[in-house]
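Okay, structure first, notes after.
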Amino acid sequence: MLKSYIITAIRNIKRQKLSSIINIFGLTLGIASFLVIFLYIKSELRYDKHWNDSDKIYRISESVDYGKRAADYALSPFPLAPSLQDYFPEVNMATRIRRSRDYTTIKYEDKIFNINNVQFADTNFFKIFNYDFIEGNQNVALNDPNNIVLSLETAKKFFGNESALGKVLKINDQPYTISGVINSHKYESHLEPNILRSTLMFPEDYRERLNGDWTLLGYYTYLKFNNEKSFQNFKSKLKDWHHETIQPWLEHHELTYIIDFKLEPLEEIHFLTQYDYDISSNADKKYLYIFGYVALFILLIVSINYINLATAKSSKRANEVGIRKIMGAQRKQLILQFNGEAIIISIMALIIACLITELFLPVFNNLTGKSLSLFKNASSLSNIGIALAVTVLIGIISGLFPALVLSKHEALSILGHNFFSKQGKTKSINYRKVLVIFQFMVTTAMIIATLVVFKQMRFMQKQNLGFDKDRLAIIEIPPGTELQQQLQVIQSEMEKIPNVIDAAISNDFPGFNHGRLTFYIDENGKYRQEMVNYYRVDDNFMNILDIKMQDGRFFSKDFPSDPESAFVINEAAKKVFGQNPIGQKLACGLGVDGQIVGITSNFNYASLHNSVEPLVFLYTPESARYLAIKIKGSDISGTLKSIEKTWKQFDSNHPYIYRFLDEQFNTQYQREEKMQTIFGYFSILIILLACLGLYGLSAFMAEQKKKEISIRKVMGSSSVLVVKNFVSQYLLWILIANAIAWPLAYVAMNKWLQNFAYRTNLSPYIFITAAFITLVLALGTISFHAFRAANTNPADVLRDE
């Protein structure tokens, strides 16, 4: 019986070549798209779930309420981990890491590399995070202040396939012995260290200063609990610890703001986007839901294509069904037959889709920064199993409806040509109408979403940021080197280069991370504390970025006391320091005690996701980490070579690294740029699939209406009128689809735009453009078959009647 079903299914596939090709091609694209999205979502959801007892590990972060403002920080103070471990028996273990802010220069013999993600970790770090040690012992790897652990990728940079264990690297000319090599990128994790150094290397006086300050945030603190009950007990007792430990310290230092602590499950950290100074690779979980819906819609569209084609060509299968029923076939056997055909077609599509997926994944991986593979990982069997299950489900869904429609009628009614009664035709058309409307509703909504994302990205790129970021090269200054003392000399030499307009040295620039600092505001002899963002700059910072002054003055060499006594704030800081803050007395913990001398206009020094926050400038060029050089528009590449040559005259011991400020600033929108690109691809795919289904459906409808069209032409109708009558019903369906899609897309995209403090508007032109695209593509697809049918010679069609 099964053999008979398979043979019959294959014969029907061969007999109905056009519909079979359309179905297989559509299902192939649909399943391939599903597989790519499935692998991406699976990769995102497995972040940090591979650690031993990952469900018992939490990160503790700090929240600060300043009275008028509040902020949540992923970071926490240095003394937090030991304090919690000593106070709470529920805490099995506590550990800390600190991430480097920039690249670190690492040397081995004649090899020099700048390595990012160099982190400091406590000695017990590997007892919580059980990395795979390729070399070394995790129990003692960080027990010596001069030990370091390398990732496998970093070890290969320096040593190739040789053993790295016991070899000595130099960090800022200080020797460190390699005590371990870990496979840090084997699994998805928010940590991803390239080099780990021990916190034991911190000098004792530095550790004492860190341990004595609960407001100095610089570490990520992780707690491992014994069990769920321990975690619940910890939460209930946290207020007691806070009252005994934090509150007395705040009162002793006369600090008025409120500090609180929050716990986040380790497995959820990757999806936390609300914390300041969090890991830059964090993702917004709602995008996973969006991609999940896209995958579901794609599968529904290819299933709808199959259903529409199957019901449209049902007249060609009616006699077969009638004869089978006369020969004794039961309805369930007919259902099995039709479902079997759909499943066979789906499995054929799956085989092709798997090959296409594996070929396309390198492109997708390059776009998303992933290393996804359908076959080349430990979960390959589960991937194939899920793909097969989804494929069979698509086959069942696609084949079930046509099977039920064709198998429900009596044999005599089918063979007696009553199967296609007016009522039956009306029902069939109604089914197809609903399905086509759904297809183009999804298509229109996807086009609208893509256009909105594109418009928002363009809006941000063209937004007046309040400063000039074009043609500004930022050179990183290696920390802990003698270059710090030569910066002003280097700056002067750079300004002598032809095509160099200006140069400035600073610790901070827009688009880079910035620090926060507690400032003490003198109000009639009483000090009020406020934690505010701050920049450490030189006197030329304003000129090179073309930032405007609103009031007062900026720092100047004409005022020698500025480094010790002058502050400049931005306009947004007025709400912190007062509406007329010029002359306001101010102090901070970096040795500056004086008054506010100037106010700059607001400029977007951070992402446009948020409005401009208060900012304080300090005049401390000696602590600079960057040298900024403004270049003329002509011969940029030649000027960059001259800059590099000049730089190497002062420093040949470190790799020369520069980046353009506009490129660095735009990295803040990587999530949105990826979304724009992915949405664009899938929008095109959905349009293609919808038009593909419409192409097949209109082909069969044109075939069925050949006699009607021929009779109309004999009675005097023109080809144009025939095409108009044929196309008009589809036109109405697509207009209805747009009417449904517009409000749904408006609500969804308006909600998405709320993520940006500066956002574009949902222009009516976006919706009109989406409707125009769907109409043109759909009507173009339908008209091809309509004109073909209208231009057929009526005599060829009616000669046998």
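Any value given below was found using the heavy atoms of this structure, including those in side chains, with hydrogens, waters and symmetry copies removed.
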Kindly assign one of parallel, tilted or perpendicular to the pair Phe88 and Phe234, based on the angle between their ring planes and the thresholds 30° and 60°. tilted
Looking only at the aromatic ring of each residue, does the gap between the centers of Phe291 and Tyr40 stay below 6.0 angstrom? yes
Using ring-ring contact (aromatic ring centres under 6.0 Å, His included) as the criterion, list what pairs up with Tyr187, not counting sequence neighbours. His50
Could you walk me through whether Asp48 and Ser54 pass the side chain to side chain donor-acceptor pair (under 3.5 Å) check? CA-CA 7 Å; Asp48 289 306; Ser54 62; over 6 Å; no
Could you list the residues that satisfy ring-ring contact (aromatic ring centres under 6.0 Å, His included) with Phe261, not counting sequence neighbours? Trp241
Sidechain-backbone polar pair: Gln456 side chain, Val453 backbone, donor-acceptor under 3.5 Å: no
Specify whether Trp752 and Phe756 have parallel, tilted or perpendicular ring planes, treating 30° as the upper limit for parallel and 60° as the lower limit for perpendicular. perpendicular
Answer whether the closest heavy-atom distance between the side chains of Asn755 and Lys286 falls below 4.5 Å. yes
Do the non-hydrogen side-chain atoms of Phe555 and Phe617 ever get within less than 4.5 Å of each other? yes
Listing request: all salt bridge (Lys or Arg N to Asp or Glu O under 4.0 Å) pairs with a residue in residues 601-613, at least two apart in sequence or in separate chains. Arg516-Glu613
Just to verify, what does Lys548 make a side-chain hydrogen bond (donor to acceptor under 3.5 Å, both in side chains) with, not counting sequence neighbours? Asp546
Verify the ring-centre separation between Tyr222 and Phe129: is it less than 6.0 angstrom? yes
Qualifying salt bridge (Lys or Arg N to Asp or Glu O under 4.0 Å) pairs, either residue in residues 214-242, two or more places apart: Asp53-Lys224, Glu90-Lys237
Candidate pair Ser83 and Thr245, rule side chain to side chain contact (heavy atoms under 4.5 Å, CB included), full reasoning: CA-CA 9 Å; Ser83 177; Thr245 307; 4.0 Å; yes
Contacts satisfying salt bridge (Lys or Arg N to Asp or Glu O under 4.0 Å) that involve residues 576-585 (not counting sequence neighbours) are none
Among Tyr206, Tyr219, Trp214, find the one that has a side chain to side chain contact (heavy atoms under 4.5 Å, CB included) with Phe78. Tyr219
Measure centre to centre between the rings of Tyr293 and Tyr289, then say whether the value is under 6.0 Å. no
Is Lys127 atom NZ crowded by more than 12 heavy atoms from other residues, nucleotides or ligands, each under 6.0 Å away? no
State yes or no: are the ring centers of Tyr47 and His190 separated by less than 6.0 Å? no
Side chain to side chain contact (heavy atoms under 4.5 Å, CB included) for His185 and Asn194? Distances and angles first, verdict last. CA-CA 9 Å; His185 300 281; Asn194 286 320; 3.4 Å; yes
Working note: Leu615 + Ile569, criterion side chain to side chain contact (heavy atoms under 4.5 Å, CB included); need CA distance, chi angles, decisive distance, verdict. CA-CA 6 Å; Leu615 180 68; Ile569 66 173; over 6 Å; no
Can we call the ring centroids of Phe567 and Phe577 under 6.0 Å apart? no
For the side chain of Gln584 and the backbone of Asp522, is there at least one donor-acceptor N/O pair under 3.5 Å apart? yes
I'd like to know if the side chain of Ser506 and the backbone of Ala624 have a donor-acceptor N/O pair within less than 3.5 Å. no
Once ring-ring contact (aromatic ring centres under 6.0 Å, His included) is applied, do any residues pair with Tyr669, and if so which ones, sequence neighbours excluded? His609
Any donor-acceptor N or O pair under 3.5 Å, side chains Ser230, Asn233: no
Has Arg59 got a side-chain atom pairing as donor or acceptor with Leu75's backbone, closer than 3.5 angstrom? no
Answer yes or no: is there a donor N or O on one side and an acceptor on the other, between the side chain of Thr154 and the main chain of Leu150, under 3.5 Å? no
Are the side chains of Phe467 and Tyr605 in contact, using a 4.5 Å heavy-atom criterion? no
Residues in side-chain hydrogen bond (donor to acceptor under 3.5 Å, both in side chains) contact with Tyr220, at least two apart in sequence or another chain: none
Would you check, one step at a time, whether the test side chain to side chain donor-acceptor pair (under 3.5 Å) holds for Glu244 with Tyr87? CA-CA 10 Å; Glu244 296 176 22; Tyr87 189 92; 3.1 Å; yes
Can you find a heavy atom in the side chain of Tyr746 that is under 4.5 Å from one in the side chain of Met749? no
Do the non-hydrogen side-chain atoms of Asp72 and Asp276 ever get within less than 4.5 Å of each other? no
Lys/Arg cation over aromatic Phe225: Lys56, 6.0 Å, 45° cone: no
Indicate yes or no: at least one non-hydrogen side-chain atom of Val568 is less than 4.5 angstrom from one of Ile596. no
According to side-chain hydrogen bond (donor to acceptor under 3.5 Å, both in side chains), who are the partners of Ser76, at least two apart in sequence or on a separate chain? Thr221
Holding to side-chain hydrogen bond (donor to acceptor under 3.5 Å, both in side chains), I want the full list of residues that pass it with Tyr131, two or more places apart in sequence or in another chain. none
Those residues that, when tested against Asp86, pass salt bridge (Lys or Arg N to Asp or Glu O under 4.0 Å) (two or more places apart): none
Regarding Arg528 and the six-membered ring of Tyr520, is the cationic atom NZ or CZ under 6.0 Å from the ring centre and inside 45° of its axis? no
How would you list all residue pairs meeting side-chain hydrogen bond (donor to acceptor under 3.5 Å, both in side chains) that involve residues 592-602, not counting sequence neighbours? none
Hey, are the side chains of Phe459 and Asn761 touching, using non-hydrogen atoms and a 4.5 Å cut-off? no
Please lay out, stage by stage, how Asn147 and Ser198 fare under the test side chain to side chain donor-acceptor pair (under 3.5 Å). CA-CA 7 Å; Asn147 281 357; Ser198 176; over 6 Å; no
